[in-house]
Amino acid sequence: MRSRWLVSAFSRTLTLAFSRHVHRRRFSSATGVAVKKVTNSNFEPALEELRVRVREADFVAIDLEMTGIMSAPWRDAFEFDRSDVRYLKVKDSVEKFAVVQVGVCPFRWDGAKGSFIAHPHNFYVFPRKELPVDGPSYEFLCQTTSMDFLARYQFDFNACIHEGISYLSRAQEAEALQTLSSAYKDEFNDSLHNLEEHVEIPLLSTADLLFTERMKNRFHQWCDELIKSPAKNSPLEENSDSNKMQFRTVFFKMRPAVLLDGFSSHQLKLIQLVLRKHFKDLVYVRSVDENATWRKIVVYTDSEEDKASLRKEVQEDLLKTTGARVRSAVGFRHVIDLLTSEEKLIVGHNCFLDIAHIYCKFFGPLPSSMVEFALAVHKNLPRIIDTKHLLNSSHIIQYLMKRSSKSLSSAFSVLCPRVSSPSQHVASNSYVKVEVQADETGSCCFNSGAKHEAGYDAFMTGCVFAQACSHLGMKFELHSQSIDFSKNDKIQNYMNLLYPSWNSGTVIDLSTGMENPDSSYKRRYPQIVFSNIVLVWGFPSNIKPKDLKECVCKVFGRDSITSIFFLDSTAALIQFSKEELVNDFLILKYKLESNDDPISVLHPLAKLLEGGNTCAANYETYRDICSSSVSKVLFVDQAEAVGIRWKTKVENGSGETQKFASNTENAPGDGLPVVKQVTGKKNDPKRQSHHQVSCQDILDSLHASNSLFVKQVRST
């Protein structure tokens, strides 16, 4: 069972990484790579510096590090996954796991130096709750293999959790503005309640009577002192047991006021009662200070018009405070907003999952379909290059890389030896020069980059892209300054095409939302015909792929099955050679479970149905189960968790479906053919007496009855 945990339970401090500071302000490929580490403490200045770098950039490379990839083994990417199923699995991953590091690396061509200038940034992000809105804290899953991977490459968990930059998506920002504005409006209306209504608060105890009398005297004293000595600003203290109640004279909106500290909510209500009854020129208000805490204030006003003016001013302040607090909580999303507003070319490597995370975390909830997602991404990020697709589909680069892996680190080593191995002398002039520069704020926030750190991976991605463009025929030396990659004919063929999966043989066109086969990809597996697939789950644990194929082929023929794929130990997808065999199998399964005769017991499928828990349906059920937000480790538990209570789902000729829970819910003949006659070979008197039926004769009759049954099924 795959271990995982909620971050809320992840309370121990992890010290799994160390910072390696490089004491230089300017780095080049000959001295190492300076990656700027950005956390909460230096986010604001780093953001302002990044604005300049992005505006100057010809393209921006990105990379993300996450807390996990898949919430259950069966949610991995399989060759049997249709495009909509593959998207649903990506959607599940994005919604359950967190982004903990974002690499952003602007690249600018410098014609005078004949090289690209790169500025890699490594942002630590953490979904911290920054606003006082109702609702639970953020939760996300951590996949142990992913966390171990991050730790192995010296990920700084302390920096992430303690100093990570929080964020709000655009959808969360809009919701927070509405929620806080409504809450502040309610608080404001309550604070000026005494201007409009006169609700009596019953004084139920002697303590209340004494307190209200003391408050009345204290406010009279304050008003008298205010009239006699307007400039006086001295605190007057009230001590009551363990509580320290204090009146402190302040100025609020250019008006003399008393700041109330140390009073309980009941006492504050009694103070409002005193003000309503005895002080027509004093107004009780609540406002939010710079620390986002509520202040209780009694303000002196000199007329009814002044009271109305005070109301308006306080309300405007609350609205401004709401906007400022939400803007502050937007956090790292300011970086994403910068990339979208500048409409720079975004470059990623195998970035389908990264782009999905960016949309979910910083724009809003993922759409329900692949088409909607692709079009929404294209609207916000209109120019994207996936170097994984570029490497796989360009014959020139395929030749250069020969049989090398298309992983980022491998491509970086093969295509960019000048940068990846600066100590080795590379004589060829065909390699693109890249220079890494730090800003002028000092070296304390710069680390020497390493692979699988988001900032350094973004840098590698940009280097691979620049070198690939050179191999495709782009002449950078002809440009004295900025380069518009989107207008280059050689690059346009790869624009907005994402590589969805290692086994799909397709690309996703973000401009149309369609996923289409790509001739440059060689399929590793036979063509999948999804209408020919049956989903089977809940079968005995001792059933192996060869056992499953054997028992099905005994019934439907040796060539009836094209392929079998096990999702996990509890579920499998069977692809038949003909679509009609799907319903034949499902109806036969139902019939065998409905009857308790010798034929059913000795039928070849009996091994698959042993235990009475085997369920089966067509491919659409697999899609429906994948669409659920629930994630159980075993597929059989997942199916139960999403509410499937039937055992067989059969589609009739008109497209309607029938679901059968058990052999007791449908009598033989409820819309399904029934085998009424069994024919077979004649009994051999040498092999049996009239008192016995041989095993061979039973099997012969079994095969004959099965043939008759299938014919009856197809005739209905």
Side-chain angles (χ1 to χ4, degrees), residues 29 32-35 59-66 68-69 77 90 93 99-107 116 118-123 145-146 148-150 152-155 345-358 384-394 396-422 431-432 434 436 447-472 485 491 494 497-504 507-508 520-521:
S29 59
V33 175
V35 179
F59 66 91
V60 180
I62 62 168
D63 186 79
L64 275 63
E65 297 295 336
M66 291 81 77
I69 302 297
V90 170
S93 174
V99 173
V100 290
Q101 209 175 59
V102 180
V104 180
C105 186
F107 282 77
F116 278 98
H119 297 271
H121 292 68
N122 195 40
F123 293 88
T145 51
S146 295
D148 180 65
F149 176 86
L150 292 174
R152 205 179 323 132
Y153 288 97
Q154 301 181 4
F155 182 85
L345 173 64
I346 305 299
V347 180
H349 184 82
N350 198 12
C351 58
F352 181 40
L353 182 62
D354 289 0
I355 295 298
H357 267 290
I358 287 173
I384 297 177
I385 288 285
D386 187 345
T387 54
K388 183 78 169 184
H389 170 61
L390 194 157
L391 298 180
N392 279 305
S393 57
S394 168
I396 297 174
I397 299 175
Q398 289 273 12
Y399 173 77
L400 292 170
M401 296 193 68
K402 297 181 173 61
R403 294 183 178 275
S404 299
S405 166
K406 303 305 186 300
S407 68
L408 178 58
S409 58
S410 176
F412 183 59
S413 299
V414 174
L415 298 179
C416 311
R418 271 189 172 179
V419 186
S420 62
S421 304
Y431 294 109
V432 177
V434 178
V436 179
N447 295 339
S448 179
K451 68 177 182 179
H452 301 304
E453 177 187 75
Y456 187 75
D457 283 0
F459 167 74
M460 289 198 297
T461 299
C463 291
V464 169
F465 172 67
Q467 189 62 60
C469 289
S470 176
H471 289 311
L472 290 174
F485 286 87
I491 304 303
Y494 307 97
L497 298 177
L498 297 187
Y499 175 81
S501 174
W502 61 274
N503 53 21
S504 67
V507 291
I508 301 169
S520 59
Y521 292 98

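Small disclaimer: the values here were computed from a predicted structure and weren't measured. One-based numbering along the sequence shown. Every heavy atom of this structure was used, including side-chain atoms; hydrogens, water molecules and symmetry mates were not.
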Open item on the list: To the nearest 0.5 Å, what is the distance between CD1 on I396 and NE2 on H471?
Closed with: 9.5 Å
- [ ] First locate atom CD1 of I385, then atom CD1 of I346, and finally report the distance between them rounded to the nearest 0.5 Å.
- [x] 11.0 Å
Open item on the list: If the condition is side-chain contact (heavy atoms from CB on, under 4.5 Å), which residues does T461 pass it with, not counting sequence neighbours?
Closed with: A61, V347, H349, T387, L408
TODO: Could you tell me whether the side chain of I69 reaches within less than 4.5 Å of the side chain of L353, counting heavy atoms only?
DONE: yes
- [ ] Could you check whether the rings of F107 and F459 sit parallel, tilted or perpendicular, using 30° and 60° as the cut-offs?
- [x] parallel
Open item on the list: Can you confirm whether D457 sits close enough to K451 that some side-chain heavy atom of one is under 4.5 Å from a side-chain heavy atom of the other?
Closed with: yes
- [ ] Rounded to the nearest 0.5 Å, what's the gap from SG on C105 to OH on Y456? Could you check?
- [x] 11.0 Å
- [ ] With rounding to the nearest 0.5 Å, note down the distance linking SG in C351 to NZ in K388.
- [x] 11.5 Å
Open item on the list: Please evaluate residues F465 and F485 with respect to the criterion ring-ring contact (aromatic ring centres under 6.0 Å, His included), reporting the C-alpha separation (whole Å), side-chain torsions for both, the decisive distance (0.1 Å), and the verdict.
Closed with: CA-CA 11 Å; F465 172 67; F485 286 87; 5.2 Å; yes
Task: Reported CG-to-NE2 distance for the pair N350 and H389, which is rounded to 0.5 angstrom - done: 12.5 Å
TODO: Please report the shortest heavy-atom distance between G455 and N122, naming the atom on each side.
DONE: N-OD1, 2.9 Å
Task: Interatomic spacing from CD in Q101 to NE2 in H452 - rounded to 0.5 Å - done: 12.0 Å
- [ ] Fit a plane to each ring of H121 and F123, take the angle between them on a 0 to 90° scale, and name the class: parallel (under 30°), tilted (30 to 60°) or perpendicular (over 60°).
- [x] parallel
Task: side-chain contact (heavy atoms from CB on, under 4.5 Å) partner of D63, chosen from V104, V102, D354 - done: D354
